[in-house]
Amino acid sequence: MSKTSVCIVGSGNWGSAIAKIVGVNAKNLPQYEDRVTMYVFEEMIEGKKLTEIINTTHENVKYLPGHKLPENIVAVPDVVEAAKDADILIFVIPHQFIKGLGAQLVGKIRPTAIGLSLIKGFDIAEGGGIELISKIITKHLQIPCAVLMGANLANEVAEEKFCETTIGVKDKKMAPILRDLFQTPNFRVVVSDDVDAVEICGALKNIVACGAGFTDGLGLGDNTKAAVIRLGLMEMIKFVDVFYPGSKLSTFFESCGVADLITTCYGGRNRKCSEAFVKTGKSIVELEKEMLNGQKLQGPITAAEVNHMLKTRNMEDKFPLFTAIHKICVGEIKPAQMIDCIRNHPEHMDCSDGFAKL
Ligand SMILES: NC(=O)c1ccc[n+]([C@@H]2O[C@H](COP(=O)([O-])OP(=O)(O)OC[C@H]3O[C@@H](n4cnc5c(N)ncnc54)[C@H](O)[C@@H]3O)[C@@H](O)[C@H]2O)c1
Ligand SMILES: O=P(O)(O)OC[C@H](O)CO
């Protein structure tokens, strides 16, 4: 039987950290081809191509400095060349680039390939809704696409500190294949069939992370930040309930849910830049450039995508935290107004009989 070949589409902070895991597992597991291709959006670093640096030093010096990648990870600057022979395509690029990159792959990959999206974010759908990234991949490339989301700050995963993750996949045959490709003693995988909710958790938590960062920037303290996190979680649950009915509440207790929300609201890039946004008065775009050395924020764009949908449906007031965070990001209201926007949150008002409702 021929071996399964793997391509990682993306090589940023998370793409590189996951390459460490996937490279080692592909090498050690007999069912996989040793060689794993990694699509690298080419750029010059001190006069040298990043792909050449990765293939000679085995380090992504720009996006994951200080960590060696396994030698069977091969950086390829042409996405079609990287992906054309793969049986498993792992998509891990900032979500704003997926449509452009996906378009280059149409008709150029194995029709039997399967996809796995590690991308946190949405796209705007026709008619004012949102579209899940995994669905975009399936629609354009005509392949099934599972998701992997969790409390997984890339640098900590690269340092092999213990964490959990959630793989959302419906096909029972695919579940162990994907789990085995990612699982390590320090990266524990739980598989869920509640795929849409797993993916939506990963996208929405980035909006809440911005709120947590604004709270930190305003110096409001841990109680306020906990309230923002809790109300953020309630809006995440409500969003899934309203727009993706039939999902399970238990999914929010997996790594993709509450755990990712916590880690991102304390240690993530969205939090960090949002805190600086309040403290410096600079724009999000400026801060992303200044503070992240080419890495990308997903929270403010996701907040805009969600707001577009809520506005179209006249539902901004049902999600006051998401709405306030978007308005702060685009300068429509001041960060200090966030708390006024959530002071009379539906979560406080809906309990007319004195009991909270879920
Ligand atoms: N970094 C993390 O800790 C982490 C953890 C879990 C999930 N994620 C998610 O994974 C996804 C990818 O994040 P990341 O941290 O790997 O990326 P990143 O933030 O490091 O982004 C930089 C990457 O984007 C690439 N890029 C820049 N312009 C591009 C273009 N026009 N077309 C294609 N690629 C381009 C760069 O070459 C680089 O590889 C995001 O959705 C993110 O939310 C990130
Ligand atoms: O650094 P952030 O804010 O993009 O968050 C990173 C991961 O999504 C945390 O799991």
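Values below: all heavy atoms of this structure, side chains included; hydrogens, waters and symmetry mates excluded. Residues take their numbers from the sequence shown, with the count starting at 1. We count ligands from 1, going down the list as the structure has it; atoms in each ligand are counted the same way.
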Of all protein heavy atoms, the one nearest atom 22 (C) of ligand 1 is G294 O, 3.5 Å
For atom 37 (O) of ligand 1, what's the nearest protein heavy-atom neighbour? Residue, atom name and distance, please. F41 CB, 3.3 Å
For atom 40 (C) of ligand 1, which protein heavy atom lies nearest, and how many Å away is it? Q298 OE1, 3.4 Å
Do any N/O atoms on L101 end up under 3.5 angstrom from N/O atoms on ligand 1? no
Distance filter under 4.0 Å to I119 heavy atoms, resulting ligand 1 atoms: 41 (O)
Determine, step by step, whether E33 and R35 satisfy the salt bridge (Lys or Arg N to Asp or Glu O under 4.0 Å) criterion, reporting the C-alpha distance in whole Å, the side-chain angles of both residues, the deciding distance to 0.1 Å, and the verdict. CA-CA 6 Å; E33 290 280 357; R35 183 176 186 271; over 6 Å; no
Roughly how far apart are I143 CD1 and I137 CD1, rounded to 0.5 Å? 7.0 Å
Could you tell me which atoms of ligand 1, counted from 1 in the order shown, lie closer than 4.0 angstrom to a heavy atom of A154? 1 (N), 2 (C), 3 (O)
Indicate whether any N or O donor in one side chain lies under 3.5 Å from an N or O acceptor in the other, for N206 and T302. no
Going through the distances and angles, do D241 and K238 end up as a salt bridge (Lys or Arg N to Asp or Glu O under 4.0 Å)? CA-CA 5 Å; D241 196 36; K238 187 178 204 159; over 6 Å; no
Ignoring angles and geometry beyond distance, decide whether Y39 reaches within less than 3.5 Å of ligand 1 through its nitrogen or oxygen atoms. no
What is the closest protein heavy atom to atom 21 (O) of ligand 1, and at what distance does it sit? P94 CG, 3.3 Å
In ligand 1, the atoms that come under 4.0 Å of a heavy atom of G15 are 16 (O)
Atoms of ligand 1 under 4.0 Å from any heavy atom of N152, numbered from 1 in the order shown, are 3 (O), 5 (C), 6 (C)
Salt-bridge contact D34-K27 (side-chain N to carboxylate O under 4.0 Å): yes
For atom 9 (C) of ligand 1, what's the nearest protein heavy-atom neighbour? Residue, atom name and distance, please. L118 O, 3.6 Å
At under 4.0 Å between heavy atoms, what of I93 touches ligand 1? The answer is backbone
For the residue pair F277 and F214, categorise the inter-ring angle as parallel (less than 30°), tilted (30 to 60°) or perpendicular (more than 60°). tilted
Taking only non-hydrogen atoms of R269, do any sit less than 4.0 angstrom from ligand 1? yes
Option set V9, N206, N13, criterion heavy-atom distance to atom 1 (N) of ligand 1, minimum: N13
Option whose closest heavy atom lies nearest to atom 39 (O) of ligand 1, chosen from G121, S117, G12, G100: G12
Does even one non-hydrogen atom of G10 get within less than 4.0 Å of ligand 1? no
N or O contacts of ligand 2 with protein under 3.5 Å, please list pair by pair.
{"unit_1": "ligand 2", "atom_1": "1 (O)", "unit_2": "R269", "atom_2": "N", "d": "2.7"}
{"unit_1": "ligand 2", "atom_1": "1 (O)", "unit_2": "R269", "atom_2": "NE", "d": "3.0"}
{"unit_1": "ligand 2", "atom_1": "3 (O)", "unit_2": "R269", "atom_2": "N", "d": "3.1"}
{"unit_1": "ligand 2", "atom_1": "3 (O)", "unit_2": "N270", "atom_2": "N", "d": "3.1"}
{"unit_1": "ligand 2", "atom_1": "3 (O)", "unit_2": "N270", "atom_2": "ND2", "d": "2.8"}
{"unit_1": "ligand 2", "atom_1": "4 (O)", "unit_2": "R269", "atom_2": "NE", "d": "3.3"}
{"unit_1": "ligand 2", "atom_1": "4 (O)", "unit_2": "R269", "atom_2": "NH2", "d": "3.0"}
{"unit_1": "ligand 2", "atom_1": "4 (O)", "unit_2": "N270", "atom_2": "ND2", "d": "3.4"}
{"unit_1": "ligand 2", "atom_1": "5 (O)", "unit_2": "K205", "atom_2": "NZ", "d": "3.2"}
{"unit_1": "ligand 2", "atom_1": "8 (O)", "unit_2": "K120", "atom_2": "NZ", "d": "2.9"}
{"unit_1": "ligand 2", "atom_1": "8 (O)", "unit_2": "K205", "atom_2": "NZ", "d": "2.6"}
{"unit_1": "ligand 2", "atom_1": "10 (O)", "unit_2": "K120", "atom_2": "NZ", "d": "3.1"}
{"unit_1": "ligand 2", "atom_1": "10 (O)", "unit_2": "G150", "atom_2": "O", "d": "3.0"}
{"unit_1": "ligand 2", "atom_1": "10 (O)", "unit_2": "N152", "atom_2": "N", "d": "3.1"}
{"unit_1": "ligand 2", "atom_1": "10 (O)", "unit_2": "D260", "atom_2": "OD1", "d": "2.7"}

Show the atoms of ligand 1 that are less than 4.0 angstrom away from any heavy atom in L153. 3 (O)
Suppose we measure from atom 13 (O) of ligand 1 to each protein heavy atom; which comes out shortest, and what is that distance? W14 CB, 4.1 Å
Assess whether a salt bridge exists between K49 and E42, defined as any Lys/Arg side-chain N lying under 4.0 Å from an Asp/Glu carboxylate O. no
Judging by distance only, is a nitrogen or oxygen of K120 under 3.5 angstrom from one on ligand 1? yes
Min side-chain heavy-atom separation N152-L148 under 4.5 Å: yes
Check ion pair D196-K135 (N to O, under 4.0 angstrom): yes
The test is salt bridge (Lys or Arg N to Asp or Glu O under 4.0 Å); show your working for E160 and K20 and say whether it passes. CA-CA 10 Å; E160 298 177 25; K20 269 193 79 185; 3.2 Å; yes
For D216 and K279, what are the C-alpha separation, side-chain angles and deciding distance, and is it a salt bridge (Lys or Arg N to Asp or Glu O under 4.0 Å)? CA-CA 9 Å; D216 287 341; K279 287 185 167 166; over 6 Å; no
Please determine, by modelled atom types, if H95 and E305 share a side-chain donor-acceptor pair under 3.5 angstrom. yes
Linking directly or through intermediates, with side-chain heavy atoms under 4.5 Å: list the remaining ILVMFWY members grouped with V24, chain and number order. none
Do E254 and T166 have side-chain atoms, one donor and one acceptor, less than 3.5 Å apart? no
Write out the residue and atom name of the closest protein heavy atom to atom 29 (C) of ligand 1, then the distance separating them to 0.1 Å. F97 CE1, 3.4 Å
Please check if any side-chain donor atom of Q96 sits under 3.5 Å from a side-chain acceptor atom of Q298, or the reverse. yes
Nitrogen or oxygen of K296 less than 3.5 angstrom from that of ligand 1: yes
F182 vs F187 aromatic rings, parallel, tilted or perpendicular, using cut-offs 30° and 60°? tilted
Among protein heavy atoms, which lies nearest atom 36 (C) of ligand 1, and at what distance? Y63 OH, 3.5 Å
Inspect the contact between K3 and D87 and indicate whether a charged nitrogen and a carboxylate oxygen are less than 4.0 angstrom apart. no
